[in-house]
Structures are given as structure tokens and as C-alpha cells.
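Let me begin by handing over the structure; questions about it come next.
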Amino acid sequence: MSPTLADEIRSRLGELSPAERKVARVLLAGYPSAVFETVATIAERAGVSAPTVLRCASRLGYRGFPDLQAALRSELDARNASPITLYTVAGTPKHEGAEAPQDAAATQLGKRSSLVRQAVAQTFDEVAAHEFEDAVGLLADPRRRVHVAGGRFTHLMAEYLGLHLMQFRDRVSFLPHKDVERTSFLTQLARRDVTVLFDYRRYEADKTLIAELARERGGKVVVFTDPWLSPAAAHADVVFITQVSSDSPYDSLVPALAVVEALVAAVLDRIGGSGHERMKEAERVARRTGLL
């Protein structure tokens, strides 16, 4: 997965002059919309001259400011890609006529296996240890309520996380679907709440609003998203960026699932004996009521 323009700017801050760093910080502070401002506007906000803005773009590796803006447009096109557009870009799969069906299947499985392993490895390499630790601490804190929510497909990730947490800790809930129930739920968000959101392209506006509302109430927010970053990430205390590389029109959620499972294991380990006792009690209740 290619780095975003914001990633490139951050990685090259050390190469910029003090005046150029002011430009870079203006671009990052209002990213991505600030990049589409005029050179004069950016210069005024940064307190530098227009030529300094142009030099900053050049120092970042672009032929000029319009070239930098064009790079961002391409990035945003990718950010908003849908399965339909990805299918169009990928084109119709080609089949080798001389290859036996079982050989073709083995080739496809090999390619997909390599792609998945690479995406999972890259995701774990890029997860910041301190952010993982912060998330574990929040989800293991018995004084906090935990709320989870996802999107069209990622609600499956949210349920997977939530159902595991419910087995060894109290006060875990899913965002209700019905309007009245959801409104009541969001009205009750409070300072000791942790809201975990899964939001991948194409992003859903309600996830950003939920994150914003949770932060306004003083609560903590954890966001799982892709390399293009959900707008909800701007309101998050912890952001898990997971790779979505796939050879199909659909983004892969395998790396996200891997991080979720690592998080569940770490939270259970942090909770310790009380979590184990909760699991045993839940199993006793389930057996007694015929649910197991």
C-alpha cells in the first residue's frame, strides 16, 4: 500500500527549512482540504512568502504545487473507491487456456496466500506499540463501558470484538440500529465510555459523528480504519490502520481481524483471573438456560 501524501510530508519534515516546515504544518493541520487552497492562502496562513510554498512542494519531490495537488486527487480517488470501480480498474480476470484447472487454482491460492501474509505482516509492523497498549488499557478497565460499532461489512468485525469482550468483562454493548434506541444510546455517552468504531472506505458519515460526539462527552475513541484514514480518526485517541490489499474488488479485512484477535488476547491477559471467572460463570449460566 502506497503511503499517503500526509505520510510523505511527515516523513520529510526533517529535510525542510524552518520556513518550509511552517508550510508543511499548515498542510497537515488542514489535511486534505488545505492542500487545495491557493498558494497565496497557504503562504498567508503559514506566515511565509509564496515562493516558500513552491519550494516546499519541490522539496517534497513534486514539480510544482499543481503536481502536489494532483497527487492528492489521485489519493482521494483511491480513498473513495468502491468494489465496482476497483473491479473496473482490475479488469476481467485472465485465464491461461493451457493450464489445468487444479494448477490454475493452486497458482491463485499461492498468490493470494502471499498477498494476505504480506498485508498482515505490514499491518503488525505498522501498529504502534504504545497505541496498542493504550487500547488494551482502555478495554481492560472495568470502570469503563465499551461500545462497538461497524459499517456495511465491518459490523462483522465489531461483533467479533464485542462478543469476545462480553465473555470476560461486563458493560459491553453494540450500537443499536433503530433510530429511537440509537438516539437514546448516544445521549447516554459519558466520560468513562470507550467507543470502538470500524470505518473503512467508503466511509460512513455516522461513524465520524459518533466519534465526535463521544469525544465531546469526554469519552475515549478507538478507530479501526484503512491506510487512507476514516474522517473519524480525527477524533480518535487510538487509531489502528490495517492494510486492505486484495486481488479482488473487495478490500481484505483479514489484517483487521488479526489485530482484533491480538487485542482480545491482550485484554484477557490484562484482566487476568477475574476475566477467567467471568467466562466460567457465563458458561454455567449458558448451560443452565440451555444456550450451550
Side-chain angles (χ1 to χ4, degrees), residues 1-48 50 52-82 85-86 119 122-132 134-135 197-205 207-209 211-212 215 221-245 251 255-256 259:
M1 189 67 64
S2 301
T4 65
L5 176 60
D7 292 333
E8 292 180 1
I9 294 173
R10 291 189 191 96
S11 69
R12 304 187 72 168
L13 282 174
E15 304 172 18
L16 304 179
S17 69
E20 291 164 352
R21 278 199 294 273
K22 291 180 181 180
V23 175
R25 291 191 184 102
V26 167
L27 297 179
L28 290 172
Y31 189 85
S33 59
V35 180
F36 294 119
E37 298 281 3
T38 65
V39 169
T41 299
I42 294 170
E44 182 180 355
R45 291 183 179 175
V48 300
T52 299
V53 176
L54 300 178
R55 283 196 301 271
C56 179
S58 178
R59 193 71 66 90
L60 292 171
Y62 296 92
R63 290 172 296 183
F65 207 74
D67 191 32
L68 184 148
Q69 292 175 323
L72 180 57
R73 288 191 185 92
S74 296
E75 176 186 318
L76 294 179
D77 285 343
R79 184 184 189 191
N80 296 320
S82 70
T85 58
L86 292 174
Q122 183 177 348
T123 293
F124 276 90
D125 287 344
E126 294 176 349
V127 169
H130 71 275
E131 291 218 285
F132 187 82
D134 288 347
L197 300 170
F198 292 78
D199 195 28
Y200 287 69
R201 65 176 186 181
R202 295 170 281 178
Y203 311 109
E204 299 177 19
K207 303 306 178 296
T208 301
L209 293 173
E212 184 178 3
R215 285 300 299 274
V221 178
V222 177
V223 170
F224 281 78
T225 188
D226 52 46
W228 296 279
L229 289 183
S230 158
H235 307 286
D237 298 278
V238 176
V239 178
F240 288 118
I241 299 174
T242 67
Q243 297 299 313
V244 294
S245 302
D251 286 342
V259 174

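Note that this is a predicted model, so its numbers are computed, not measured.
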Discussion item. One pair to check against side-chain contact (heavy atoms from CB on, under 4.5 Å): Arg73 and Phe36. What are the steps and the verdict?
Written reply: CA-CA 9 Å; Arg73 288 191 185 92; Phe36 294 119; 3.7 Å; yes
Worksheet entry | Nearest-0.5 Å distance, NE2 of residue His235 to CG of residue Leu197 |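 Taking NE2 in His235 and CG in Leu197, the distance rounds to 10.5 Å.
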Worksheet entry | Under 3.5 Å: donor-acceptor pair, side chain of Thr41, backbone of Glu37 | no
Discussion item. Any non-hydrogen side-chain atom of Leu5 less than 4.5 Å from a side-chain atom of Tyr62?
Written reply: yes
Practice prompt. Supply the atom-to-atom distance Asp251 CG to Ser245 OG, rounded to the nearest 0.5 angstrom.
Written response: 8.5 Å
Discussion item. If the condition is side chain to side chain donor-acceptor pair (under 3.5 Å), which residues does Thr52 pass it with, not counting sequence neighbours?
Written reply: Ser49, Arg55
Worksheet entry | 4.5 Å side-chain heavy-atom contact, Leu54 and Ser58 | no
Worksheet item: CG/Leu13 to CG/Leu28 distance, rounded to the nearest 0.5 angstrom?
Response: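 The distance works out to 6.5 Å.
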Fill in: Flag, side chain of Asp199 to backbone of Glu204, donor-acceptor distance under 3.5 Å
yes
Worksheet item: Rounded to the nearest 0.5 Å, what separation is found between the SG atom of Cys56 and the CZ atom of Arg21?
Response: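 It is 10.5 Å, given to the nearest 0.5 Å.
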Worksheet, complete the sentence: Heavy atoms of Ala119 and Pro255 approach each other most closely as CB-CG, 3.8 Å
Discussion item. Ignoring hydrogens, what is the shortest heavy-atom contact between Ile42 and Ala34? Give both atom names and the distance.
Written reply: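 Nearest heavy atoms, Ile42 then Ala34: CD1-O, 3.5 Å.
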Worksheet, complete the sentence: Residues at least two apart in sequence or cross-chain that pass salt bridge (Lys or Arg N to Asp or Glu O under 4.0 Å) with Arg12, listed by chain then number, are Glu15
Discussion item. Could you report the tightest heavy-atom contact between Ala256 and Phe224, atom names first, then the distance?
Written reply: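 Taking every non-hydrogen atom into account, O-CE2, 4.5 Å.
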Worksheet item: Distance-only, no hydrogens or angles: does the Asp226 side chain make a donor-acceptor pair with backbone N or O of Ile241 under 3.5 Å?
Response: no
Item to complete: Using salt bridge (Lys or Arg N to Asp or Glu O under 4.0 Å) as the criterion, list what pairs up with Asp67, not counting sequence neighbours.
Response: Arg63
Practice prompt. Identify the two heavy atoms, one from Ala232 and one from Val223, that lie closest to each other, and give their separation to 0.1 Å.
Written response: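 Shortest heavy-atom separation between Ala232 and Val223 comes out as O-CG2, 4.0 Å.
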Worksheet item: How about Gln69: does its CD atom have over 12 heavy atoms from other parts shown lying under 6.0 Å from it?
Response: yes
Worksheet item: Which heavy atom of Pro227 sits nearest a heavy atom of Thr242, and at what distance?
Response: CD-O, 3.5 Å
Fill in: Pair Thr4, Tyr31: side-chain N/O donor-acceptor within cut-off below 3.5 Å
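No, Tyr31 and Thr4 have no side-chain donor paired with an acceptor closer than 3.5 Å.
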Worksheet entry | Rounded distance (nearest 0.5 Å) linking atom CD of Glu75 with atom CD of Glu8 | 8.0 Å
Worksheet item: Any side-chain heavy-atom pair from Val222 and Asp237 closer than 4.5 angstrom?
Response: no
Item to complete: Take Val23 and Leu16 through the side-chain contact (heavy atoms from CB on, under 4.5 Å) test and state the conclusion after the steps.
Response: CA-CA 10 Å; Val23 175; Leu16 304 179; over 6 Å; no
Worksheet item: Using the ring of each side chain (for Trp, its six-membered ring), is Phe132 parallel, tilted or perpendicular to Phe240, with breaks at 30° and 60°?
Response: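 Plane angle over 60°, so perpendicular.
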Worksheet item: How long is the gap from OH on Tyr203 to OG1 on Thr208, to the nearest 0.5 Å?
Response: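 Tyr203 OH to Thr208 OG1: 10.0 Å, rounded to 0.5 Å.
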